[in-house]
Amino acid sequence: MPLLEILEFPDPRLRTRAAPVTVFDAALSRLIDDMFETMYAAPGIGLAASQVDVHRRLLVMDVSNDRSEPLVFINPEVVAREEIGVMEEGCLSVPGIYDEVERAQRIRVRAQDRDGKVFERELDGIRAVCLQHEMDHLDGKLFVDYLSSLKRDRIRRKLEKERRDRPAAGRTPAGAALTR
Ligand code: GNR
Ligand code: NI
C-alpha cells in the first residue's frame with residue numbers, strides 16, 4: 001500500500017478549501033486505506049485529505065497507541081461544542097513545531113462513513129481537538145494560523161530553510177487515487 005506525500009507549510013495547496021465527497025466507491029475506500037497507512041507511518045494521530053493534496057472533505061484519525069481505534073469522517077460537521085480549553089498541538093504539515101491552541105474540548109460531530117451512511121458521535125479531549133484540527137485542514141486552515149504573525153513567520157522561515165537543506169523524498173502522489 002503506497003505512502004502518500006504529505007504537503008508542508010507554507011505550501012499554498014494546503015490553503016485549498018476542500019469540496020464535499022459525493023461518490024462513495026472503491027477508489028474512495030482505497031484512498032482512506034492509504035491515508036491510514038500514511039498517518040500510521042508518519043506517525044500521526046490524524047490526517048486530512050488536504051494534507052495529501054486531495055481536496056475533498058475527508059479525514060482519518062486514530063489516537064490509540066496500537067492502531068485499535070481507526071475513525072473515518074467524511075463531510076464532517078460539528079453540531080455542538082462546549083468546554084473551551086487549551087491543548088498543545090502539532091501537525092504533520094508543520095513538522096517539529098508544537099504550540100498551544102484554544103478549542104472546544106467536547107464536541108458532537110455529524111459525518112458520513114466510508115459507505116456514505118450518516119452517523120453522529122460525541123468526542124472529547126484529544127479526539128475533539130484532533131477532529132477540529134483536521135476539519136480546519138479541509139478549510140485550508142493550519143494550527144499556526146492561531147499563533148501571532150511573528151511566530152508564524154518565524155516558523156515559515158525555519159521550515160523553508162529545513163526544506164532547502166533536505167530535498168523532497170520521492171513518494172507516491174495521492175491525486176491518482178480518486179481519479180483511477
Ligand atoms: O499527529 C498529530 N498530532 C496532533 C496533536 C495535537 C493536536 C492535533 C494533532 S493532529 C497531528 C496530525 C496532523 O497534522 N493532522 O492534521
Ligand atoms: Ni495537521
Side-chain angles (χ1 to χ4, degrees), residues 3-21 31 34-36 38-63 71 73-107 109 111 123-175:
L3 294 186
L4 308 174
E5 184 184 352
I6 298 175
L7 302 179
E8 293 180 8
F9 176 71
D11 192 312
R13 291 172 291 181
L14 285 167
R15 298 312 191 172
T16 311
R17 186 178 162 80
V21 172
L31 172 62
D34 291 349
M35 284 174 60
F36 272 116
T38 302
M39 178 189 78
Y40 288 134
I45 61 169
L47 188 70
S50 314
Q51 292 176 278
V52 295
D53 205 22
V54 173
H55 301 287
R56 293 287 175 174
R57 306 192 75 81
L58 151 70
L59 64 94
V60 299
M61 188 192 306
D62 189 340
V63 305
L71 300 173
F73 296 88
I74 301 173
N75 301 325
E77 294 169 65
V78 175
V79 296
R81 55 188 88 219
E82 58 185 296
E83 217 182 301
I84 302 301
V86 167
M87 204 175 276
E88 177 156 278
E89 299 195 14
C91 181
L92 296 173
S93 297
V94 193
I97 307 293
Y98 303 87
D99 213 328
E100 293 186 336
V101 177
E102 208 175 81
R103 298 187 194 270
Q105 304 293 304
R106 181 180 293 276
I107 61 175
V109 59
L123 299 173
D124 63 10
I126 186 66
R127 292 172 185 80
V129 167
C130 187
L131 190 282
Q132 293 168 87
H133 172 116
E134 305 312 337
M135 283 185 66
D136 273 353
H137 278 300
L138 304 182
D139 290 329
K141 188 161 186 172
L142 301 172
F143 88 94
V144 294
D145 298 343
Y146 296 99
L147 309 179
S148 70
S149 59
L150 184 74
K151 273 193 181 178
R152 192 164 47 254
D153 284 354
R154 215 180 268 152
I155 292 166
R156 179 176 50 72
R157 284 193 299 273
K158 180 170 189 278
L159 294 186
E160 280 173 344
K161 180 181 186 307
E162 285 173 2
R163 215 172 158 69
R164 277 196 302 277
D165 298 346
R166 175 222 356 134
R171 278 181 286 188
T172 311

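Along the sequence shown, residues carry numbers from 1. None of the values given here were measured: they were computed from a predicted structure.
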### Query
Among pairs that include at least one residue of residues 74-84, which meet salt bridge (Lys or Arg N to Asp or Glu O under 4.0 Å), considering only residues two or more places apart or in two chains?
E83-R106

### Task
Nearest 0.5 Å please: distance from the CG atom of D62 over to the CD1 atom of I45.
9.5 Å

### Message
Minimum heavy-atom separation for G46 and C130, please, with both atom names.
### Response
CA-SG, 3.9 Å

### Message
Cation-pi check for Y146 against K141: NZ or CZ below 6.0 Å from the six-membered ring centre and within 45 degrees of the axis, yes or no?
### Response
yes

### Heavy-atom side-chain proximity of R17 to H55 below 4.5 angstrom
no

### Query
Quick one: side-chain contact (heavy atoms from CB on, under 4.5 Å) partners of N75, sequence neighbours excluded?
P20, V21, F24, R57, Q112

### Task
Show the numbers, then the answer: is there a side chain to side chain contact (heavy atoms under 4.5 Å, CB included) between V109 and L123?
CA-CA 8 Å; V109 59; L123 299 173; 4.1 Å; yes

### Message
Going by ring-ring contact (aromatic ring centres under 6.0 Å, His included), name the residues that satisfy it together with F73, two or more places apart in sequence or in a different chain.
### Response
F119

### Query
Which atom names give the shortest non-hydrogen contact between A104 and A128, and what distance separates them?
O-CB, 4.1 Å

### Task
Supply the atom-to-atom distance L31 CG to T38 OG1, rounded to the nearest 0.5 angstrom.
9.0 Å

### Query
Going by heavy atoms in the side chains, are L71 and V60 under 4.5 Å from each other?
no

### Message
Minimum heavy-atom separation for A49 and R56, please, with both atom names.
### Response
CB-O, 3.5 Å

### Query
Who are the side-chain contact (heavy atoms from CB on, under 4.5 Å) partners of L142, not counting sequence neighbours?
F9, L14, R15, H137, V144, D145

### Message
Keeping R152 on the side-chain end and L147 on the backbone end, is there a donor-acceptor pair under 3.5 Å?
### Response
yes

For residues 86-97, which side-chain N or O atoms pair as donor and acceptor with protein atoms under 3.5 Å away, sequence neighbours left out?
unit_1 : atom_1 : unit_2 : atom_2 : d
E89    : OE1    : R103   : NH2    : 3.1
E89    : OE1    : H133   : ND1    : 2.9
E89    : OE2    : R103   : NE     : 2.6
S93    : OG     : L7     : O      : 2.8
S93    : OG     : Q51    : NE2    : 3.0

### Task
Flag the pair E162 / D165 as yes when at least one side-chain heavy-atom distance between them is below 4.5 Å, and no otherwise.
no

### Point-to-point distance, once rounded to the nearest 0.5 Å, from CD1 of I6 to CG of L47
5.5 Å

### Task
Check whether any side-chain heavy atom of V78 lies under 4.5 Å from a side-chain heavy atom of L131, and answer yes or no.
yes

### Query
Are the side chains of E5 and D53 in touch, meaning some heavy atoms are under 4.5 Å apart?
no

### Task
State the CG-CG distance between D11 and L159, to the nearest 0.5 angstrom.
12.0 Å

### Message
For R154, give me all partners under side-chain contact (heavy atoms from CB on, under 4.5 Å), at least two apart in sequence or on another chain.
### Response
L150, R157

### Task
Could you tell me whether R156 and E160 have a side-chain N and a carboxylate O separated by less than 4.0 Å?
yes

### Summary
When rounded to the nearest 0.5 Å, the distance separating CG of D99 from CZ of F143 is 6.5 Å

### Query
Can you name the nearest heavy-atom pair linking I84 to Q105, along with the distance?
C-CG, 4.3 Å

